[in-house]
Number of protein chains: 2
Amino acid sequence: MSEKRQVLIETAFKLFYQKGVHALGINEILAETGIAKKTLYNHFASKNELISAVVAYRDKCFCDWLEGELNKAAPGIARINALFDALDDWFNDRAEVLLPFRGCFFINVSGEFSDPADPVHQQCMKHKDNIAALIKKQVGTLGIDVDQVERLTDSLCLLKEGAIVLAHVQGDKRAALKAKKSAEVMVRSVRK
Amino acid sequence: MSEKRQVLIETAFKLFYQKGVHALGINEILAETGIAKKTLYNHFASKNELISAVVAYRDKCFCDWLEGELNKAAPGIARINALFDALDDWFNDRAEVLLPFRGCFFINVSGEFSDPADPVHQQCMKHKDNIAALIKKQVGTLGIDVDQVERLTDSLCLLKEGAIVLAHVQGDKRAALKAKKSAEVMVRSVRK
DNA sequence: TTGAAAGGAGACCGATCTGTCTATTTGCGA
DNA sequence: TCGCAAATAGACAGATCGGTCTCCTTTCAA
């Protein structure tokens, strides 16, 4: 993995996240990086391949960050709280590794590649599945029934995605804290 | 309001929703409608003005549809249920006026115009505010305290947006029904 | 019939897009 | 120093973009 390739991916991510994938041309990535066009095409067969690599990069980046945040908390209810605290940090630009908040890259990209059969859309779907699995793992530490694990995981994923949309589209900086309150209600309901 | 203008808006909406706003060029709208470019520019000063008109059109279209669905139910809990039943219809392509489900147009467009200061993004924000107000109105028919109205409205909006994202990005056709179950828990918690 | 508004065909413009390619330079290890 | 891999500058190609404009046609009301 060459350094030039990584620079291209990271810069492309930054610009795609700011301006949207289709609104940004590769020439702007090249201008920002100072890398030659031939080099870009040495590393990626096409713009679409670059997009794909960028989505994979962000997937890893985000999952690593979230997992790290969750693992800072003790297993159990603290991890559920940590999920929404992490979101709160992200929405309020306190998660530096994730860059300034501009919504969820995977939601945004899914909107630009809205056909579910599109490979890029498929990648975004997979990312969401990865995060759901991570959340389910934390819910599993609550010591509740298996069917309740499923149900609570669903609820938390709904609240998580809802919070992201409220934070981005409506600019609601408190969306994560609102979602956290709702999550508390959900947790109580599966524990009684 | 001329018929040509309306045809342009409706066709543009259909194509923007399928392909994304930046990925679609105006020439394709013209090809699909058989309308001359000069006519398009007679009605809209620029592509951006067309986009703006399209967002406004969909805003009205969606709000009218949702309000209609909600008003079919009796005031009170039935209206909360109707919200999620309506979403279920939408996600599963049973709401013909809304066209085949490709996620929420406003979320998708916000992703493409992710700077919150952008006028188009502002329009999407306003749409979400309109829907939240509509939901709040239904919650108001439950006969609960004012502060609980606020809280429940927040929860329902979170679940609604979450369901849309799960339905679109993850292709979860049952997302609305899952959200409905969570909503039931939330309603119970403010009523006890 | 006339004139104005609306609309059309399509050429044109400058800009930008994604991708290809030639000639050259740079960096590094043997 | 040499040879090879990586990278560069930048020209080029065909296509498309959003928008402008001329000349012409159609529609409709007076």
Side-chain angles (χ1 to χ4, degrees), chain A residues 1-57 108-109 111-115 118-121 123, chain B residues 1-58 105 108-109 111-115 118-121 123:
Chain A
M1 174 68 77
S2 78
E3 183 182 317
K4 294 277 184 174
R5 191 175 195 271
Q6 194 58 21
V7 170
L8 284 168
I9 289 173
E10 289 176 13
T11 304
F13 168 70
K14 189 180 71 171
L15 296 173
F16 283 152
Y17 193 36
Q18 280 175 13
K19 302 190 177 191
V21 172
H22 285 103
L24 181 88
I26 62 155
N27 289 309
E28 201 168 332
I29 297 167
L30 300 177
E32 172 100 18
T33 54
I35 291 175
K37 192 180 288 192
K38 185 123 179 64
T39 304
L40 185 145
Y41 284 102
N42 282 345
H43 290 286
F44 307 98
S46 62
K47 182 181 177 181
N48 246 52
E49 193 175 304
L50 172 63
I51 292 167
S52 191
V54 167
V55 171
Y57 159 78
N108 296 350
V109 171
E112 290 202 53
F113 296 83
S114 69
D115 178 0
D118 192 288
V120 173
H121 190 110
Q123 269 185 291
Chain B
M1 173 68 78
S2 80
E3 184 181 316
K4 293 278 183 173
R5 190 175 196 272
Q6 192 61 19
V7 169
L8 283 168
I9 289 175
E10 287 176 15
T11 304
F13 169 71
K14 188 179 75 172
L15 296 173
F16 283 151
Y17 192 39
Q18 280 175 12
K19 302 190 174 190
V21 173
H22 286 103
L24 181 89
I26 62 156
N27 290 307
E28 201 168 332
I29 297 168
L30 300 176
E32 171 101 20
T33 55
I35 291 174
K37 192 179 287 192
K38 187 132 175 58
T39 304
L40 185 146
Y41 284 102
N42 282 347
H43 289 287
F44 307 98
S46 62
K47 182 180 179 180
N48 247 52
E49 192 174 304
L50 172 64
I51 292 168
S52 191
V54 168
V55 172
Y57 159 78
R58 178 68 171 184
F105 186 62
N108 296 349
V109 172
E112 290 202 55
F113 298 82
S114 69
D115 178 0
D118 192 289
V120 172
H121 190 110
Q123 270 185 290

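Here is the naming used below: chain letters follow the sequence lines, and residue numbers restart at 1 for every chain.
- In this structure, B:Glu112 contributes its side chain and B:His22 its backbone to a donor-acceptor pair below 3.5 Å.
- Put simply, the side chain of B:Lys47 and the base of D:dG19 share no donor and acceptor less than 3.5 Å apart.
- Using a 4.0 Å heavy-atom cutoff across all strands shown, B:Leu24 reaches sugar-phosphate atoms only and no base atom.
- Using a 4.0 Å heavy-atom cutoff across all strands shown, A:Asn42 reaches no nucleic acid atom at all.
- For the pair B:Tyr41 OH and C:dG8 C1', the interatomic distance rounds to 16 Å; values are reported in whole Å.
- Side chain of A:Asn27, nearest nucleotide from C:dT18, C:dA9, D:dA9: C:dT18.
- With C:dG7, C:dG19, D:dT8 as the choices, the nucleotide that has an atom nearest any side-chain atom of B:Thr39 turns out to be C:dG7.
- Here the NZ-CZ distance, from B:Lys19 to A:Phe113, works out to 13.0 Å after rounding to the nearest 0.5 Å.
- To the nearest angstrom, C1' of C:dG8 lies 11 Å from CD1 of B:Ile35.
- For A:His43 and D:dA6, the shortest distance from a side-chain N or O to OP1 or OP2 is not below 4.0 Å.
- Using a 4.0 Å heavy-atom cutoff across all strands shown, A:Lys4 reaches sugar-phosphate atoms only and no base atom.
- Rounded to an integer number of Å, the gap from B:Leu8 CG to C:dG8 C1' is 13 Å.
- Heavy atoms of A:His22 sit nowhere under 4.0 angstrom from any nucleic acid atom.
- Nucleotide C:dC17 holds its C1' atom 15 Å from the CG atom of A:Leu50, rounded to whole Å.
- B:Lys38 comes within contact range of at least one nucleobase, with a heavy-atom separation under 4.0 Å.
- At least one donor-acceptor pair closer than 3.5 Å links the side chain of A:Lys47 to the backbone N or O of A:Val21.
- For the pair B:Arg58 and B:Tyr17, the cation sits on the ring face: its NZ or CZ lies under 6.0 Å from the ring centre, inside 45° of the axis.
- One can place CD of B:Glu49 at 10 Å from P of D:dG19, the figure rounded to the nearest angstrom.
- If you check distances only, the side chain of B:Lys37 never reaches the base of C:dG10 with a donor-acceptor pair under 3.5 Å.
- Using a distance-only test at 3.5 Å, with no hydrogens or angles considered, no donor-acceptor pair links the side chain of B:Thr11 to the main chain of B:Leu8.
- Nucleotide C:dG7 holds its C1' atom 13 Å from the CG atom of B:Leu30, rounded to whole Å.
- At whole-Å resolution of the value, CG in A:Leu40 and P in C:dC21 are 16 Å apart.
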